[in-house]
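See below for the structure under consideration.
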Amino acid sequence: MTRPTIDPAAAAADLTAWAVAPGDRPALHRALTFKDFNAAFGFMTRVAIKAETMDHHPEWSNVYNRVEVLLTTHDAGGVTELDTTLARFIDEAAAGLGGH
């Protein structure tokens, strides 16, 4: 099944904490900072569990209390509703753990 793509700029406008990822790839990006490594890792664990249930996984990295997240739907070649749904979950999870 082909998923319809969404303009990354339009998606980012709806998701105020997100931006269009730099470069040529159609993707959304968010950088988060937490109190410490435990809070960052707890956030990543929550997101990982949700991502598994959605069968949609972020590209991300973690250094101490910082987490960088990139969302794109590889098989669609761009941003889809899967990405915006996961972005909203990420926003809620981050807020619940003091991320900004």
Side-chain angles (χ1 to χ4, degrees):
M1 174 169 112
T2 303
R3 299 182 208 290
T5 58
I6 301 166
D7 175 44
D14 260 0
L15 301 161
T16 57
W18 293 81
V20 175
D24 294 336
R25 269 175 87 187
L28 299 173
H29 173 264
R30 182 167 182 198
L32 296 126
T33 303
F34 295 88
K35 177 182 173 188
D36 55 26
F37 177 75
N38 285 335
F41 197 83
F43 161 78
M44 291 179 74
T45 301
R46 285 186 185 183
V47 174
I49 291 167
K50 178 67 171 178
E52 273 298 299
T53 66
M54 293 178 66
D55 192 27
H56 187 65
H57 305 89
E59 294 179 29
W60 56 10
S61 65
N62 164 243
V63 177
Y64 182 59
N65 67 334
R66 297 182 318 270
V67 179
E68 298 267 340
V69 183
L70 185 90
L71 297 176
T72 189
T73 304
H74 297 103
D75 62 354
V79 176
T80 69
E81 188 176 318
L82 285 172
D83 300 301
T84 59
T85 299
L86 188 55
R88 285 185 183 86
F89 179 84
I90 286 170
D91 291 346
E92 291 171 14
L97 291 166
H100 57 276

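Listed here is the closest heavy atom pair of G77 and P26: O-CG, 3.3 Å. Between L32 and A94, the shortest heavy-atom distance links the atoms CD2-CB, 3.4 Å. The two residues A27 and V79 have their closest heavy-atom pair at CA-CG2, 3.7 Å. In this structure, W60 and V69 approach most closely via the heavy-atom pair CB-CA, 4.2 Å. Looking at every heavy atom in both residues, A31 comes nearest to E68 through CB-OE2, 3.6 Å.
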Please evaluate residues I90 and L71 with respect to the criterion side-chain contact (heavy atoms from CB on, under 4.5 Å), reporting the C-alpha separation (whole Å), side-chain torsions for both, the decisive distance (0.1 Å), and the verdict.
CA-CA 11 Å; I90 286 170; L71 297 176; 4.3 Å; yes
Take H100 and T33 through the side-chain contact (heavy atoms from CB on, under 4.5 Å) test and state the conclusion after the steps.
CA-CA 5 Å; H100 57 276; T33 303; 4.2 Å; yes
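Each of K50, R30, R46 was evaluated against D91; a single residue qualifies, R30, per the salt bridge (Lys or Arg N to Asp or Glu O under 4.0 Å) test. Results of the side chain to side chain contact (heavy atoms under 4.5 Å, CB included) test with W18 over L15, V20, T16, D14 single out L15 as the only residue that passes. Here the rule is side chain to side chain contact (heavy atoms under 4.5 Å, CB included) with P58, and of L70, V67, L86 only L86 fits it.
T73 meets the side chain to side chain donor-acceptor pair (under 3.5 Å) test with T80, D83; sequence neighbours excluded.
Atom CE of M54 is separated from atom CG of L82 by 5.0 Å, given to the nearest 0.5 angstrom. The CZ atom of R25 sits 4.5 Å away from atom NE2 of H74, with the distance rounded to the nearest 0.5 Å. If you take CD on E81 and OG1 on T5, they are separated by 12.5 Å, rounding to the nearest 0.5 Å. Atom-to-atom distance recorded for F89:CZ and T84:OG1 is 14.5 Å, nearest 0.5 angstrom. We find the CZ-CZ distance between F34 and R66 to be 12.5 Å, quoted to the nearest 0.5 Å.
Residue-environment remark: CZ (F41) stays at or below the threshold of 12 foreign heavy atoms within 6.0 Å.
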